[in-house]
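This report concerns only the one structure given below.
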Amino acid sequence: MTEHDDALAALQGAVAALPDAASGADEGDDFDAAEHATRFEAVHDALVAVLADVDRT
């Protein structure tokens with residue numbers, strides 16, 4: 001696996017960890033803003049890494 005594959009895999013994993021609003025799985029659960037912020041921050045960081053890889057090519 002290359003460095004590019006690692007960055008893309010990290011992004012895919014971060015996106016997969018986001019709650020699926022369409023499924024309604026979180027309905028009735030208490031909203032934890034800190035947990036959601038952490039998940040979205042992970043997606044942001046992974047996306048920045050992928051874009052940095054693209055920029056270097």
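These numbers were taken from a predicted model, which means no experiment stands behind them.
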Which residues pass the side chain to side chain donor-acceptor pair (under 3.5 Å) test with Glu35, not counting sequence neighbours? Arg39
Taking all atoms of both residues into account, what is the closest heavy-atom pair of Leu11 and Val43, and its distance? CD1-O, 3.9 Å
With Leu51, which residues qualify under side-chain contact (heavy atoms from CB on, under 4.5 Å), at least two apart? Leu47
Sorted by chain and residue number, the side-chain contact (heavy atoms from CB on, under 4.5 Å) partners of Val48 (sequence neighbours excluded) come out as His44
Under the salt bridge (charged side-chain N to carboxylate O under 4.0 Å, His left out) test, residues paired with Asp45 that sit two or more places apart: none
What pairs with Glu41 under salt bridge (charged side-chain N to carboxylate O under 4.0 Å, His left out), at least two apart in sequence or on another chain? none
Under the salt bridge (Lys or Arg N to Asp or Glu O under 4.0 Å) definition, can you give me all pairs with a residue in residues 7-16, not counting sequence neighbours? none
